[in-house]
Amino acid sequence: MDNAEASEGRDCLDRGNEGHTCQGAVTGRPSHAGTGTIIWRCQAGHQAAAEHARQVQERYPDSSTPASWFDPTFAGERWNEDD
């Protein structure tokens, strides 16, 4: 079955979440985390998840240069393994 194919009998992962109103067919798509797991959501749920993933990537960029807000003295954290 194609990942984007609608599946009757599947529930949207976000169904019942406060502030979410399901809209559109429930389809399975790979997770935004890149795990390969198929996540079943309605069209509105997929759009909200994509926006959330974009915001996370913006806040925590995949870069070897630390973000301006990063403080290496806080909790002994490092930006990358080479630090």
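In terms of heavy-atom proximity, Cys42 sits nearest to Gly24 at CB-O, 3.8 Å. The shortest non-hydrogen separation linking Leu13 to Arg41 is CD2-NH2, 3.5 Å. Here the closest heavy-atom approach between residue Pro30 and residue Ile38 is recorded as N-CD1, 4.0 Å. Here the closest heavy-atom approach between residue Asp14 and residue Gly45 is recorded as OD2-CA, 3.4 Å. Contact detail for Phe70 and Arg78: the closest heavy-atom pair is CZ-C, 3.5 Å. What you find for Cys12 and His20 is that their closest heavy atoms are SG-NE2, 3.9 Å.
His46 places a side-chain N or O within donor-acceptor distance of the main-chain N or O of Thr27, the cut-off being under 3.5 Å. Side chain of Trp79 to main chain of Ser63: a donor-acceptor pair is present (N/O by atom type, distance under 3.5 Å, no hydrogens or angles).
By the 6.0 Å contact criterion, CZ on Arg15 is open, its count of non-hydrogen atoms from other residues, nucleotides or ligands being 12 or less.
Side-chain contact of Glu51 with Gln55: a donor-acceptor pair under 3.5 Å is present, judged by distance alone.
To the nearest 0.5 angstrom, Trp69 atom CH2 is 5.0 Å from Tyr60 atom OH.
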